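Below, each value reflects all heavy atoms present in this structure, side chains not excepted, and no hydrogens, waters or symmetry copies. From a predicted model like this one, the values you see are computed outputs, not experimental measurements.
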Amino acid sequence: MDKILIKGGTLYTMTDGENNIFHGDVLVENGKIAQVAPEIVCEDAQVIDANGNYVLPGLIDAHTHIGLFDFNHDSSVKDANEMTDPVTAAMDARYSINSKARELKVAYEHGITTMLFTPGSGNVFCGQAIVAKTYGDNIFEMTIKAPAAVKIALGGNPKNTYGDMKRLPMTRMGVANVLWETFRKAKEYLDKQNRGEEQDYDANMEAIIPALKGEIPCKIHCTQYDMITAIEVAKAYGVKFSLEHAWGATDYLDEIVESGCDICYGPIATYRSPGERRKVDVEAVKMLDDRGVNVAMITDSPILSEESLYHHIGEAVREGVSQERAVRMVTINPARQLNLDDRLGSLEVGKDADIVIMKGKLGLDTDAKVLYTMVDGKIVYQA
């Protein structure tokens with residue numbers, strides 16, 4: 001049956017404006033949302049009774065390494081970092097993703113229907129991130145946007161990688177030098193291309209060009225004062241960007257707001273320790289949201305488990321974010337960051353029928369659990 005009618009749930013549509021949470025129905029047809037209304041009649045549809053439960057768009061985790069890292073075997077798989085050069089922008093994450101990784105099943109069983117899969121963060125320019133659904137057998141068929149972003153990393157990871165080799169970059173000065181020089185070369189490469197001048201093909205420069213053109217963002221792994229470096233360079237080259245992890249953002253609220261960047265905050269539940277995790281300031285999520293910054297929350301899975309996204313929502317609420325605003329940070333906000341809000345992130349006609357029916361309120365009820373997960377109109381999980 002191509003039609004499914006979800007009846008009588010409390011709908012979290014995640015649309016803008018008022019009245020975006022109401023008691024109603026959702027009609028799914030041919031993998032898309034066909035109707036959202038207080039009352040829908042469709043006699044030839046399969047009916048799911050959602051009375052007393054909550055209906056949400058599929059959750060989105062905008063920063064994961066699932067399938068690139070795999071810790072489920074005696075010998076862990078580490079295919080996220082091509083650490084042979086600090087600039088590997090041309091590396092495509094899809095070629096390292098194991099679509100059979102058990103964490104993907106865990107993800108959709110917990111209502112996470114879409115993820116941004118990223119390489120890194122061992123290099124300064126780590127590679128090309130992609131967006132894919134969490135349900136499927138073939139990562140190329142699961143992918144809905146590739147490339148979706150250029151992944152960049154500042155701070156301890158590339159510094160330690162190349163410092164151990166006694167080569168550039170072994171300091172934060174060196175990391176910044178690689179960042180500036182690579183963007184300079186990419187801009188020069190693009191300018192020559194636009195003028196029709198002959199030049200040798202460079203796969204890394206080609207991979208950075210979509211970011212210079214504003215077609216995709218840069219996702220920049222950085223925390224504490226590395227965020228200032230990221231903002232300075234991104235502004236100089238006019239690229240759209242998000243600050244990934246962003247621990248210590250409370251120190252740079254004005255700079256972040258002025259830059260117009262997005263924030264992918266987290267993982268929230270990480271432990272505090274010397275170095276990048278010295279200042280895990282969860283309160284930054286509310287401060288940034290209050291000032292109009294588009295904030296998403298991320299798990300960095302499998303570094304943390306996929307279901308820890310629930311904890312992130314709860315921690316944001318504990319810091320004063322309204323429950324509805326916190327849910328936006330794992331639905332429509334990341335969809336907008338990825339320029340996929342025409343397909344994902346809200347319950348609206350024409351969008352992909354990625355839908356979650358839950359018992360309990362995310363972020364408020366500790367026993368909240370998924371009853372149904374739907375991906376592209378197909379029920380892929382039922383409790």
Side-chain angles (χ1 to χ4, degrees), residues 60-108 112-158 160-162 164-165 178 182 202-211 216-221 242 244-245 264 266-267 298-306 309 334 337-338 340 375:
I60 302 170
D61 188 343
H63 185 124
T64 182
H65 306 282
I66 286 178
L68 295 101
F69 288 123
D70 192 340
F71 306 139
N72 294 301
H73 306 285
D74 292 338
S75 297
S76 60
V77 175
K78 297 180 181 179
D79 280 330
N81 290 293
E82 181 62 41
M83 293 186 290
T84 51
D85 192 274
V87 179
T88 58
M91 298 298 105
D92 185 332
R94 287 175 295 179
Y95 295 99
S96 278
I97 297 171
N98 173 17
S99 59
K100 299 292 188 180
R102 66 171 294 277
E103 290 90 352
L104 290 172
K105 183 173 185 288
V106 173
Y108 66 72
I112 303 167
T113 56
T114 303
M115 289 179 160
L116 181 133
F117 297 80
T118 178
S121 300
N123 299 331
V124 181
F125 281 81
C126 309
Q128 301 176 55
I130 64 106
V131 177
K133 301 293 178 76
T134 55
Y135 179 82
D137 294 317
N138 183 319
I139 190 60
F140 295 94
E141 295 174 358
M142 296 157 66
T143 298
I144 59 175
K145 188 171 186 179
V150 174
K151 175 64 181 299
I152 294 170
L154 308 185
N157 286 354
N160 293 337
T161 297
Y162 294 96
D164 289 345
M165 302 178 191
V178 172
T182 304
D202 189 318
N204 287 325
M205 300 300 102
E206 293 283 348
I208 297 169
I209 282 175
I216 59 174
C218 294
K219 293 179 76 71
I220 309 177
H221 168 122
S242 60
E244 306 290 308
H245 307 305
C264 286
I298 59 173
T299 66
D300 206 19
S301 56
I303 307 304
L304 289 188
S305 63
E306 297 66 46
L309 198 60
Q337 290 184 6
L338 301 171
L340 285 168
V375 176

Residues forming a side chain to side chain donor-acceptor pair (under 3.5 Å) with T299, sequence neighbours excluded
D61, S301
Between N81 (side chain) and S121 (backbone), is there a donor-acceptor pair under 3.5 Å?
yes
Testing the basics here: between A211 and C218, what is the closest heavy-atom pair and its distance to 0.1 Å?
CB-SG, 3.8 Å
Check against side chain to side chain contact (heavy atoms under 4.5 Å, CB included), I208 and T182:
CA-CA 9 Å; I208 297 169; T182 304; 3.6 Å; yes
Quick one: list whatever passes side-chain contact (heavy atoms from CB on, under 4.5 Å) with P302, sequence neighbours left out.
H65, I66, F69, F71, E103, E306
Sequence-distant partners of D85, side chain to side chain donor-acceptor pair (under 3.5 Å), two or more places apart
none
More than 12 heavy atoms of other residues, nucleotides or ligands under 6.0 Å from CG of N138: yes or no?
yes
Once rounded to the nearest 0.5 Å, what's the spacing between atom CG of D79 and atom CE of M91?
12.5 Å
ring-ring contact (aromatic ring centres under 6.0 Å, His included) filter on H221, not counting sequence neighbours, yields H245
Residue set satisfying salt bridge (Lys or Arg N to Asp or Glu O under 4.0 Å) with D164, at least two apart, ordered chain then number -> none
N204: which residues meet the side chain to side chain donor-acceptor pair (under 3.5 Å) condition with it, sequence neighbours left out?
none
Those residues at least two apart in sequence (or on a different chain) that pass side chain to side chain donor-acceptor pair (under 3.5 Å) with Y108 are none
Closest approach of F125 and V178, non-hydrogen atoms and distance?
CE1-O, 4.3 Å
Flag, side chain of S242 to backbone of C264, donor-acceptor distance under 3.5 Å
no
Sorted by chain and number, sequence neighbours left out, salt bridge (Lys or Arg N to Asp or Glu O under 4.0 Å) with D92 holds for R94
Interatomic distance, C126 atom SG to M83 atom CE [nearest 0.5 angstrom]
10.0 Å
Which of I112, T113, T118 passes side-chain contact (heavy atoms from CB on, under 4.5 Å) with M115? It is I112
Salt bridge (charged side-chain N to carboxylate O under 4.0 Å, His left out) partners of residues 112-133, not counting sequence neighbours, each pair once
K133-D352, K133-D354, K133-D376
Which residues pass the salt bridge (Lys or Arg N to Asp or Glu O under 4.0 Å) test with K151, not counting sequence neighbours?
none
N/O donor-acceptor pairs under 3.5 Å from side chains in residues 141-148, not counting sequence neighbours:
{"from": "T143", "atom 1": "OG1", "to": "I139", "atom 2": "O", "distance (Å)": "2.6"}
{"from": "K145", "atom 1": "NZ", "to": "L338", "atom 2": "O", "distance (Å)": "3.0"}

Sub-3.5 Å donor-acceptor pair from the side chain of N123 to the main-chain atoms of E82, do we have one?
yes
Between T64 (side chain) and F117 (backbone), is there a donor-acceptor pair under 3.5 Å?
no
Taking side-chain contact (heavy atoms from CB on, under 4.5 Å) as the definition, give me every residue that meets it alongside S305, ordered by chain and number, with sequence neighbours left out.
E307, S308
Might you point out which heavy atoms bring T161 and G122 nearest each other, and give the distance in Å?
OG1-O, 3.3 Å
Just verifying a value: how many Å separate L104 CG and N98 CG, rounded to the nearest 0.5 Å?
8.0 Å
Exam field: side chain D300 to backbone I303, donor-acceptor pair closer than 3.5 Å
no
